[in-house]
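Down below is the structure, laid out as structure tokens.
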Amino acid sequence: FTYTIDDGHGLTATATVNVTVTDLVSLLWRQGQNGYSGAVDTYVTSSDPDASFGSSLVLQVLPTVGTQALLRFNDLFGTAPGQIPPGAEIAVAYLAFWLDNGVSDLGGLRILEDWSAADTYNTVTDAIDFNGAFYRQGVPAGWQFENVTQALLDWQENPSTNFGWM
């Protein structure tokens, strides 16, 4: 559509506005749901630094005793069903997870190096990106939704940098 603005003193300006409406698509990645099998997770702990917990059904996070969870979703981008297609506009992305107990501090940091579910406290490096963090205080038990849009935008630009979160 076109609109014209008149300042009341004889000066006008005209502009054209084009509106494009596209379909909004919501994608969900959860291990075993809709055929998705790209999730990798484990936790590492200083109290058992050589143990691997990749087969554990529960991720533990106890920062006061040196226990951290690692989580990554592989194969997010591509042309296959359930993937974010090349050039797609990512409006918002959330990491959703259940928290059994309330905590005084909750945070997540982007990992900058590759890791596997077999890694241990002694084999994981300290390569984390404090700029890619989310952090909140006074977090109650229940479902948590952390905005991770910037991480997805960065990984869309360069999928090989997706090493997940700690």
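Since the model is a prediction, treat every value here as computed from it, not as a measurement.
Under the side chain to side chain donor-acceptor pair (under 3.5 Å) criterion, S52 pairs with no residue at all, not counting sequence neighbours. Listed by chain and residue number, D154 satisfy the side chain to side chain donor-acceptor pair (under 3.5 Å) test with Q150 (two or more places apart in sequence, or in another chain). For D50, the side-chain contact (heavy atoms from CB on, under 4.5 Å) partners are N122, not counting sequence neighbours. N158 is linked by a side chain to side chain donor-acceptor pair (under 3.5 Å) to S160, counting only residues two or more places apart in sequence or in another chain. Residues that satisfy the side-chain contact (heavy atoms from CB on, under 4.5 Å) test with L99, not counting sequence neighbours, are V103, V139, Q144. For T149, the side chain to side chain donor-acceptor pair (under 3.5 Å) criterion is met by N147, not counting sequence neighbours.
The shortest heavy-atom contact between L95 and W165 is CD2-CE3, 4.2 Å. S56 approaches Y43 most closely through the heavy-atom pair OG-CE2, 3.9 Å.
Cluster annotation: V44 and V40 are assigned to the same hydrophobic cluster (Ile/Leu/Val/Met/Phe/Trp/Tyr, side-chain heavy-atom contacts under 4.5 Å, transitive).
Side-chain atoms of T120 come within 3.5 Å of backbone atoms of P49 as a donor-acceptor pair (strictly under, hydrogens ignored). Looking only at distances, no side-chain donor or acceptor of W155 sits under 3.5 Å from a matching main-chain atom of G164.
With rounding to the nearest 0.5 angstrom, the CD1 atom of I111 is 5.0 Å from the CE atom of M166. I90 CD1 to Q156 CD: the interatomic distance, rounded to the nearest 0.5 Å, is 4.0 Å. Atom OG1 of residue T42 and atom CD of residue Q68 lie 12.0 Å apart, to the nearest 0.5 angstrom.
Annotation for V92: hydrophobic cluster partners, listed by chain and number, are Y94, W98, W143, F145 (ILVMFWY side-chain heavy atoms under 4.5 Å, direct or chained).
Within the structure, salt bridge (charged side-chain N to carboxylate O under 4.0 Å, His left out) pairs that include any residue of residues 24-43 do not occur (at least two apart or interchain).
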Report the C-alpha distance between T45 and Y121 in whole Å, list the side-chain angles of each, state the deciding distance to 0.1 Å, and finish with yes or no for side chain to side chain contact (heavy atoms under 4.5 Å, CB included).
CA-CA 6 Å; T45 181; Y121 185 87; 5.6 Å; no
Could you list the donor-acceptor pairs under 3.5 angstrom formed between side-chain atoms of residues 70-81 and any protein atom two or more places apart in sequence or on another chain?
residue	atom	partner	partner atom	Å
R72	NE	N74	OD1	2.9
R72	NH1	W115	O	3.2
R72	NH2	W115	O	3.2
N74	ND2	G38	O	3.4

